[in-house]
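Here is the structure we will look at.
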Amino acid sequence: MQKKPLILVTNDDGITAPGIRTLIKVMNTIGDVVVVAPDSPQSGMGHAITVDATLHCRKEHIDDGPQIEYSTSGTPADCIKLARHEILDRVPDICVSGINHGSNSSINVIYSGTMSAAIEAGIEGIPAIGFSLLDYNYDASFAPSEDFIKTITLNVLNNGLPKGVVLNVNIPNLSKKAIKGIKICRQAKANWVEKFDKRQNPQGKDYYWLTGEFVNLDKGEDTDEWALKEGYISVVPVQFDMTAHHFIQQLNSWSFNEE
């Protein structure tokens, strides 16, 4: 009898968030699930790790089911490190992160704790996927995405991923019937035009709220932003090698020698 795959589940919205509870339910139909997730929301943490404080980890029982669960005081990237080196007795067959409450398409992948957990898993040599739903509400409906998430996960388990590559999956906030399908995309060239709302507290000290507007500068019809707008699930292969390979030859032509 073939051994069930070992699936590591994590997120950045916290272990009790509805998104991760849905992801756990889906993964329980595929393999043996171990959850290692933050004990509180860690959205926007990017690839932060804990280096100047202690980390705590405890076993949890949140929902009935066969999964084994741990909450940690650390970041999403910390969760992967703890799972790989302290909690699990073997390397997981796959790591899935999410389901995030909100988009992680285009430039948002840089700031995302959800995707940073997946990328950290990739660094550890674990095939990984980050899942996000384009609905920021805590009580968002994740049910329409369940079958698509299972299909994508099984494809990664069956086909594998190249070393150094993880998948960034974003799901439009639509009914299952309205979702047109899955598109393999590139990351759109888009960014946030940011500003700060400056205020004063009762003691007269300044404080700031970060605000901004998301601007899509990319008119291509092969991007994640285009696919999501058109009602498709976007799947973008992401690599954590950030070398600008196309610039190496030109950079080599510069003179760095002291005269």
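In this structure, the side chains of Val238 and Val166 come closer than 4.5 Å at one or more pairs of heavy atoms. Contact check for Thr16 versus Ile62: side-chain heavy atoms found under the 4.5 Å cut-off. By the 4.5 Å heavy-atom criterion applied to side chains, Ile94 and Val156 are counted as neighbours. Within the 4.5 Å cutoff, the side chain of Ile179 has heavy atoms near those of the Pro172 side chain. Taking the side chain as every heavy atom from C-beta outward, Ile15 and Glu69 approach each other to under 4.5 Å. In this structure, Ile149 and Ser145 have side chains that are in contact, with non-hydrogen atoms separated by less than 4.5 Å. Looking at heavy atoms from C-beta onward, Glu124 lies in side-chain contact with His85 at the 4.5 angstrom threshold. Contact of the Arg58 side chain with the Ser71 side chain is registered, since non-hydrogen atoms from C-beta on lie closer than 4.5 Å.
No chain of hydrophobic side-chain contacts below 4.5 Å, direct or via other Ile, Leu, Val, Met, Phe, Trp or Tyr residues, connects Ile126 to Ile7.
Classified by interplanar angle (parallel below 30°, tilted 30° to 60°, perpendicular above 60°), the ring pair Trp209/Tyr207 is perpendicular.
Under the salt bridge (Lys or Arg N to Asp or Glu O under 4.0 Å) rule, Arg21 has a single partner from Asp64, Asp13, Asp139, Asp63, which is Asp63. Screening Ile129, Val26, Thr29 for a side chain to side chain contact (heavy atoms under 4.5 Å, CB included) with Thr153, the sole residue that qualifies is Ile129.
Using modelled atom types, one side-chain atom of Asp78 and one backbone atom of Thr75 make a donor-acceptor pair closer than 3.5 Å. In this structure a side-chain-to-backbone donor-acceptor pair under 3.5 Å is present from His101 to Gly19. Between the side chain of Thr10 and the backbone N or O of Val36, at least one donor-acceptor pair lies under 3.5 Å. Asp12 places a side-chain N or O within 3.5 Å of a backbone atom of Thr114 that can act as its donor or acceptor partner.
In the model, Asp135 has a side-chain atom that pairs as donor or acceptor with a side-chain atom of Asn137 under 3.5 Å. Residues Ser105 and Asp224 have side chains that never bring a donor and an acceptor to within less than 3.5 angstrom of each other.
Taking NZ from Lys229 and CG from Leu134, the interatomic distance works out to 13.5 Å, rounded to the nearest 0.5 Å. The line from CG of Leu228 to CG of Asn173 is 11.0 Å long, rounded to the nearest 0.5 Å. The distance from atom NZ of Lys183 to atom CH2 of Trp226, rounded to the nearest 0.5 Å, is 5.0 Å.
Between Glu120 and Arg84, no side-chain nitrogen of the basic residue sits less than 4.0 Å from a carboxylate oxygen of the acidic one, so the salt-bridge criterion is not met.
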